[in-house]
Amino acid sequence: MAQIEARVEHGEVHRRPLVHGLAESSVERICRYACIAALVVMLVVVATDILTRWMLDFSFEISDELGGYLLVVIAFLSLPVCQISESFHRVELVQSRLSPFWRAVSNLIFDLLSFAFVALLLWQLGRFELTSYRFADRAPTYLATPLWVPQTTMLLGAAALCFSMLRTVLADVARLRAPGKATEDAGEP
Amino acid sequence: MSPDVQIGITFALFLTLLACGMAVPFAIAVPAMFYLLLQGGLPSLNSLGLVSWGSMNSFVLTCVPLFMLMAEILRVSGLSTRIYGGLARLVARLPGGLLQTNIAGCAIFASVSGSSIATAASIGGVALPQLLRRNYDRRLAAGSLAAGGTLGILLPPSFGMIVYGTFTETSVPKLFMAGLVPGLIMTASFMIYIGAHALAVPGVAPREAGLRSLREFLRALADVLPFALLIGGTLGGIYAGLVTTTEGATIGCMLSIILGVVFGDLTPRGVLAAMNSTVRFAGNILFIIFTAYIFSYAISFAGVGEKVTAFVVGLHLSRLEFFLALFLLYTVLGCLIESLGMIVITVPLIFPVLPSYGIDPLLFGVVLVLFVELGQISPPIGINLFVIQSIWEGKLAEVILGTIPFHLTMFVVLALVILWPELALWLPHYLSK
């Protein structure tokens with residue numbers, strides 16, 4: 001049966017089996033910690049605003065702006081974490097019917113296509129960041145944040161994703177080059 | 001190459017990559033980039049930076065990771081076990097016994113989680129071992145949990161509605177209100193079906209002993225109380241217009257930490273584990289939304305939306321025929337595309353058509369989420385089927401067969417909402433007066 005592969009351990013849903021099984025490098029670890037920090041700061045900023053508004057009838061009026069920036073941090077810096085932990089949803093409609101070798105080949109093709117997309121995105125985000133910095137764009141808000149500062153996280157996230165994609169592609173190639181390895185690693189769930 | 005062929009190839013590429021196993025966000029992004037390059041070469045990518053910033057720098061979407069964190073904290077704190085135990089004692093006397101508890105538990109967990117996977121996994125993980133131990137019908141047990149899990153995206157807070165609201169600039173709190181009555185009708189319909197089935201075929205569910213004393217009743221109520229407080233604290237403020245959706249989600253996170261410590265077994269390590277899971281889940285969903293914005297930009301760059309609108313309007317369909325066409329489209333898509341992907345790919349094309357048929361965006365939001373619900377238990381890719389199958393390690397075919405009656409129940413509720421839009425629209429209109 002074609003399927004979105006899933007397994008549940010202690011109530012947590014995972015895909016199965018891990019295709020690459022790559023260990024988290026320091027790049028992905030730093031990104032994960034940054035995302036957790038952004039999540040905590042987001043909670044603190046919004047909760048403080050609720051409390052001051054409720055108790056003191058006063059709002060800092062920055063939670064909307066900071067919340068948006070922190071979401072950008074989480075959205076982009078979580079990408080390498082998801083890539084390495086293979087958390088992106090995928091449909092196994094065809095892959096579950098392929099032989100282990102052809103499954104490994106298809107993984108390599110998909111990862112190369114994904115890498116091409118991420119490389120193009122990184123290039124465009126770099127251009128965008130540079131333009132924003134040159135024109136000294138500022139948010140039309142009370143904080144008047146220089147926009148290149150929060151926008152840097154998009155660039156960093158895309159660069160980190162590029163790095164993780166590259167690791168994935170290299171792992172795909174290594175699996176295909178090692179005799180018999182593709183068959184063992186990409187075995188049936 | 002004519003523009004029609006180009007868009008045809010792009011959609012074919014999207015479906016092929018998706019079906020062949022490419023990660024969903026990349027399967028959306030790669031054809032979008034391909035289409036942009038076909039339309040205008042490398043210069044057409046120049047707006048990508050602005051599209052990326054504009055789509056993700058959104059305060060409305062901030063509630064997505066926060067609602068996820070809330071659900072994760074509840075999961076790791078073991079509160080779902082507690083509520084299942086409490087509900088089991090409260091509703092087990094009904095025909096169907098613990099199967100009724102499955103639906104009631106899913107409905108309550110759905111009211112704090114927003115995700116059908118989290119709902120099915122949390123309640124399924126607690127319920128299935130007990131159901132199998134007590135000799136409940138395996139098929140009905142699995143079906144009730146897979147279908148009950150789908151309540152996660154209909155009953156507010158719902159990620160599907162948040163994404164739809166963000167794309168169409170429709171009020172998310174009003175969408176939540178619009179989903180409430182259909183969600184409750186769906187819950188009641190599932191429970192009525194289980195009750196009727198258990199009365200007609202007594203062997204599917206053993207008779208459970210009910211509450212024996214007032215003390216037992218109060219203890220069962222105390223088990224449900226944390227969730228009642230959480231739902232009241234989170235959604236109450238949003239419905240009353242006192243807080244925004246993101247603020248409601250923040251209150252929910254804070255309350256779930258407090259309740260997890262007081263009523264559950266939440267530890268700092270558990271909070272960290274919940275945050276780690278949230279980063280992965282949120283990253284996945286936000287990336288799908290982000291790539292969908294690129295897809296949406298690509299089709300608007302080529303003016304495809306206007307062409308689709310002109311084509312559909314030119315068909316001169318009646319309102320009912322339009323909904324029937326949507327029904328066919330989403331039934332097929334539900335078998336091929338993952339739920340969130342279904343929303344983000346189709347909404348930019350279909351939403352501009354709605355005014356021609358006088359369809360309220362709130363009503364369409366609810367109908368869309370109902371279609372997505374159906375997709376989540378539709379073979380071959382309905383995610384809830386696999387979540388439940390993974391928990392019990394049983395046959396997938398049994399889970400699929402078990403969901404068929406719930407599928408039919410969903411069709412009935414969907415038809416009711418389309419024929420009587422007031423079921424969805426009454427509450428948001430009444431509360432916004």
Side-chain angles (χ1 to χ4, degrees), chain A residues 1-8 10-13 16 32 35-36 39-40 42-43 46-47 49-50 63-65 67-72 74-76 78-79 81-82 85 87-95 103 106-107 110 113-114 116-117 120-121 124-125 127-129 131 147 150-151 154, chain B residues 17-26 29-30 33 45-46 48-50 52-53 56-59 61-62 65-66 69 75 80 117 121-122 124-125 243 246-247 250-251 253-254 272 275-284 286-288 290 336 338 379-381 383 385-387 390-391 396:
Chain A
M1 171 63 75
Q3 59 190 62
I4 287 182
E5 304 256 5
R7 68 189 150 89
V8 178
H10 310 297
E12 190 171 354
V13 185
R16 71 169 181 193
R32 185 162 55 82
C35 289
I36 291 176
L39 207 51
V40 174
M42 191 186 276
L43 276 174
V46 181
D49 201 59
I50 298 169
S63 64
D64 285 24
E65 184 184 353
Y69 298 159
L70 291 165
L71 185 78
V72 173
I74 296 170
F76 282 86
S78 63
L79 296 180
V81 183
C82 292
S85 61
S87 303
F88 293 129
H89 289 166
R90 61 176 77 217
V91 180
E92 307 278 333
L93 200 70
V94 173
Q95 283 219 325
R103 210 181 301 172
S106 67
N107 278 330
F110 292 149
L113 282 172
S114 305
F117 160 70
L120 280 173
L121 182 69
Q124 286 300 327
L125 290 177
R127 285 186 63 240
F128 179 66
E129 173 77 14
T131 312
L147 287 176
Q151 284 165 356
M154 295 199 300
Chain B
L17 292 176
L18 196 73
C20 288
M22 193 175 204
V24 175
F26 290 115
V30 169
M33 285 289 212
L45 303 182
N46 286 349
L48 220 52
L50 197 61
S52 307
W53 177 246
M56 287 295 104
N57 179 20
S58 155
F59 188 65
L61 282 177
T62 311
L66 295 176
L69 179 62
R75 186 182 61 76
S80 46
I117 300 173
S122 299
V243 291
T246 301
E247 290 171 344
T250 306
I251 293 171
C253 284
M254 298 298 187
L272 192 65
M275 288 189 163
N276 273 316
S277 306
T278 303
V279 168
R280 289 201 306 274
F281 291 153
N284 190 10
L286 292 173
F287 195 29
I288 292 177
F290 169 57
L336 297 171
E338 182 269 347
I381 67 157
I383 184 74
L385 301 173
F386 299 101
V387 171
S390 316
I391 296 170
L396 187 65

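Here is how names work: the chains are called A, B, and so on, in the same order as the sequence lines, proteins then strands, and each is numbered from 1.
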Measure the CZ-SG distance between B:R280 and A:C82 for me, rounded to the nearest 0.5 Å.
8.0 Å
Return the option, out of A:A116, A:C35, A:G68, with the maximum number of heavy-atom pairs under 4.5 Å with chain B.
A:G68
Of the listed residues (A:I74, A:V40, A:L121, A:V81), which shares the most heavy-atom pairs with chain B below a 4.5 Å separation?
A:L121
Contacts of type side-chain hydrogen bond (donor to acceptor under 3.5 Å, both in side chains), residue B:N284, not counting sequence neighbours:
A:H89
Okay, A:I50 and chain B: the region with an atom under 4.5 Å from a heavy atom over there is side chain
Pairwise distance CZ(A:F128) to CG(B:N46) - rounded to 0.5 angstrom:
12.0 Å
Checking B:M22 against chain A: side chain, backbone, both or neither under 4.5 Å from a heavy atom?
both
Mind ranking B:M254, B:M275, B:M33, B:E247 by heavy-atom pairs under 4.5 Å with chain A and telling me who comes out on top?
B:E247
Of all of A:D64, A:V46, A:I36, which one pairs up most often with chain B through heavy atoms under 4.5 Å apart?
A:D64
At a heavy-atom separation under 4.5 Å, does B:L50 approach chain A through its side chain, its backbone, both, or neither?
both
Going by heavy atoms in the side chains, are B:T250 and A:D49 under 4.5 Å from each other?
no
Against chain B, label A:L79 side chain, backbone, both or neither, depending on which of its atoms sit under 4.5 Å from a heavy atom there.
side chain
Within the structure provided, determine whether A:L125 and B:L48 are in side-chain contact (heavy-atom separation under 4.5 Å).
no
Supply the atom-to-atom distance B:W53 CH2 to A:M154 CE, rounded to the nearest 0.5 angstrom.
6.5 Å
To the nearest 0.5 Å, atom CG of A:L43 lies from atom OG1 of B:T62 at 11.5 Å
Determine whether A:Q151 and B:N57 make a side-chain contact, defined as any pair of heavy atoms from C-beta on separated by less than 4.5 Å.
no
Within a strict 4.5 Å, meaning less than it, do heavy atoms of the A:L39 and B:T278 side chains meet?
yes
Any chance you could measure B:L17, atom CG, to A:S106, atom OG, to the nearest 0.5 Å?
11.0 Å
Can you tell me how far apart CZ (A:R32) and CG (B:N276) are? Round to the nearest 0.5 Å.
4.5 Å
Using 30° and 60° as the class limits, which term best fits the ring planes of A:F117 and B:F287: parallel, tilted or perpendicular?
tilted
Indicate, with yes or no, if the rings of B:F26 and A:F110 have centres closer together than 6.0 Å.
no
